[in-house]
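Working notes, structure below.
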Amino acid sequence: MHVGHPEPPLRNHNVSIQPLPRSFFARSPRRVARELLGKVLVRTGDGHTPRLTARIVEVEAYLGEQDPASHAYPGPTSRNAVMFGPAGYAYVYFIYGNHYCLNVSCEREGRAGAVLFRALEPLTGVEEMARARGIAISHPRDLHQRDLVKLTSGPGRLGEAFGVTRARDNGCDLTLPASGLWIGADGYRVRVIRVTPRIGITKAAEKRLRYFISDNPFVSGRKTL
DNA sequence: ATATCGATTATCT
DNA sequence: GATAATCGATATG
């Protein structure tokens, strides 16, 4: 075996994961974003067995019709309809002709708001994630941190790793394991949360609505203000 | 390490 | 017709 690994890159995950209730999401995007850190995104197959699990380590809040950076800013359209619906549903958008990004709707029905998933820490199903990302892995036990980071560090990357598309996942209920894509808690406690301006936007770029777990190596982009 | 750029298409002006 | 909640590749310090 190898020596000199300060920490194994993967913590294997045999504890049970409990779905989050809709009331968790039916709050302000700021609150939901902060409390989503440390929770687990799950992709389940037909057999209800989790195939893919990954810890949520970086998110951004989008506030709705008053937030110029939000897709809800122009008011309800067919694209953003899920954001105006009830909380706890997947809002998936396609961007730059290349990438699908995953959000969860917040607030009460009729009031827009969402949290964008920006980075995950893979827990199980790493080989499938690597296949989905088109990254060759010789021997799964020899995975290095730098390879793992490329799987789910960034909104487009994590979408691809989890096979998220608008046709497949937009509007699906993320509180329901039967949806195939859902969010749960496994008892993990986050230590330190950091807050910075959001990434990659041109409007309302100064608002500090990006939340991430301090010192987590899977966080995307700048780790300083 | 940071900077710049091309890819590629749904959505809106 | 312009833009975009991104990524990966390339160039340069």
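Each chain gets a letter, A, B and so on, in the order the sequences are listed, and its residues count up from 1. These figures come from a predicted structure and were not determined experimentally.
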Exercise for the section: List the steps and the verdict of salt bridge (charged side-chain N to carboxylate O under 4.0 Å, His left out) for A:Asp215 and A:Arg194. Expected result: CA-CA 9 Å; A:Asp215 297 328; A:Arg194 303 183 59 200; 5.8 Å; no
Handout entry: Intermediate values then yes/no, side chain to side chain donor-acceptor pair (under 3.5 Å), A:Thr175 and A:Arg22
Key = CA-CA 6 Å; A:Thr175 69; A:Arg22 193 163 321 281; 3.3 Å; yes
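If you measure from atom OH of A:Tyr211 to atom P of C:dA5, you get 19 Å, rounded to the nearest angstrom. Whole-Å rounding puts the A:Tyr100 OH to C:dC7 P distance at 15 Å. Distance, A:Glu60 CD to C:dT6 C1': 12 Å, rounded to whole Å. With rounding to whole Å, A:Met83 atom CE is found 11 Å from C:dA5 atom P. A straight line from CG of A:Leu151 to P of C:dC7 spans 13 Å, rounded to a whole angstrom.
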For nucleotides 8-13 of chain C, print each protein N/O atom paired with a nucleotide N/O atom at under 3.5 Å, atom names and distance only.
| residue | atom | partner | partner atom | Å |
| --- | --- | --- | --- | --- |
| C:dG8 | OP1 | A:Arg133 | NH1 | 3.2 |
| C:dG8 | OP1 | A:Arg133 | NH2 | 2.7 |
| C:dG8 | OP2 | A:Arg157 | NE | 2.5 |
| C:dG8 | OP2 | A:Arg157 | NH2 | 2.5 |

Please write out each protein N/O paired with an N/O of nucleotides 6-8 of chain B under 3.5 Å, distance rounded to 0.1 Å.
| residue | atom | partner | partner atom | Å |
| --- | --- | --- | --- | --- |
| B:dA7 | N3 | A:Asn98 | ND2 | 3.0 |
| B:dT8 | O2 | A:Tyr96 | O | 2.3 |
| B:dT8 | O2 | A:Gly97 | N | 3.4 |

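Between A:Asp46 and A:Arg51, no side-chain nitrogen of the basic residue sits less than 4.0 Å from a carboxylate oxygen of the acidic one, so the salt-bridge criterion is not met. In summary, A:Glu35 and A:Arg31 engage in a salt bridge, as defined by a charged side-chain N under 4.0 Å from a carboxylate O. A salt bridge links A:Asp186 to A:Arg55: one of the charged nitrogens lies within less than 4.0 Å of a carboxylate oxygen. The pair A:Glu58-A:Arg118 counts as a salt bridge, with a side-chain nitrogen and a carboxylate oxygen less than 4.0 angstrom apart.
If you run side chain to side chain donor-acceptor pair (under 3.5 Å) between A:Asp67 and each of A:Lys203, A:Lys207, A:Arg198, only A:Arg198 comes through. Exactly one of A:Ile17, A:Thr53, A:Leu181 qualifies for a side-chain contact (heavy atoms from CB on, under 4.5 Å) with A:Leu41. That residue is A:Leu181.
Backbone-only contact: A:Arg222 has heavy atoms under 4.0 Å from sugar-phosphate atoms and none from a base. Counting any heavy atom pair closer than 4.0 Å across all strands shown, A:Arg198 reaches no nucleic acid atom.
Listed for the A:Arg111 side chain is no donor-acceptor partner under 3.5 Å among the backbone atoms of A:Phe84. A:Asn80 places a side-chain N or O within 3.5 Å of a backbone atom of A:Thr77 that can act as its donor or acceptor partner. When atom types are taken as modelled, the side chain of A:Thr44 and the backbone of A:Pro50 share no donor-acceptor pair closer than 3.5 angstrom. A:Arg168 places no side-chain N or O within 3.5 Å of a backbone atom of A:Val164 that could act as its donor or acceptor partner.
Residues of residues 62-81 of chain A having a heavy atom closer than 4.0 Å to DNA chain B, listed by number: A:Thr77, A:Arg79. In the region residues 106-118 of chain A, proximity to DNA chain B at under 4.0 angstrom, judged on heavy atoms, holds for none of the residues.
Counted by atom type alone, A:Ser105 and A:Glu107 present zero donor-acceptor pairs between their side chains at under 3.5 Å.
In this structure, A:Pro197 and A:Arg208 have side chains that are in contact, with non-hydrogen atoms separated by less than 4.5 Å.
Within 3.5 Å, a donor on the side chain of A:Tyr93 pairs with an acceptor on the base of C:dA5, or the reverse.
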Side chains of residues 90-100 of chain A: which donor-acceptor partners sit under 3.5 Å, not counting sequence neighbours?
| residue | atom | partner | partner atom | Å |
| --- | --- | --- | --- | --- |
| A:Tyr91 | OH | A:His71 | ND1 | 2.8 |
| A:Asn98 | ND2 | A:Tyr96 | O | 3.1 |

Handout entry: Secondary structure string for DNA chain B (Watson-Crick or G-U under 3.5 angstrom, | for other-strand pairs)
Key = |||||||.||||.
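Remark: A:Arg166 CZ is packed, more than 12 non-hydrogen atoms of other residues, nucleotides or ligands lying under 6.0 Å away.
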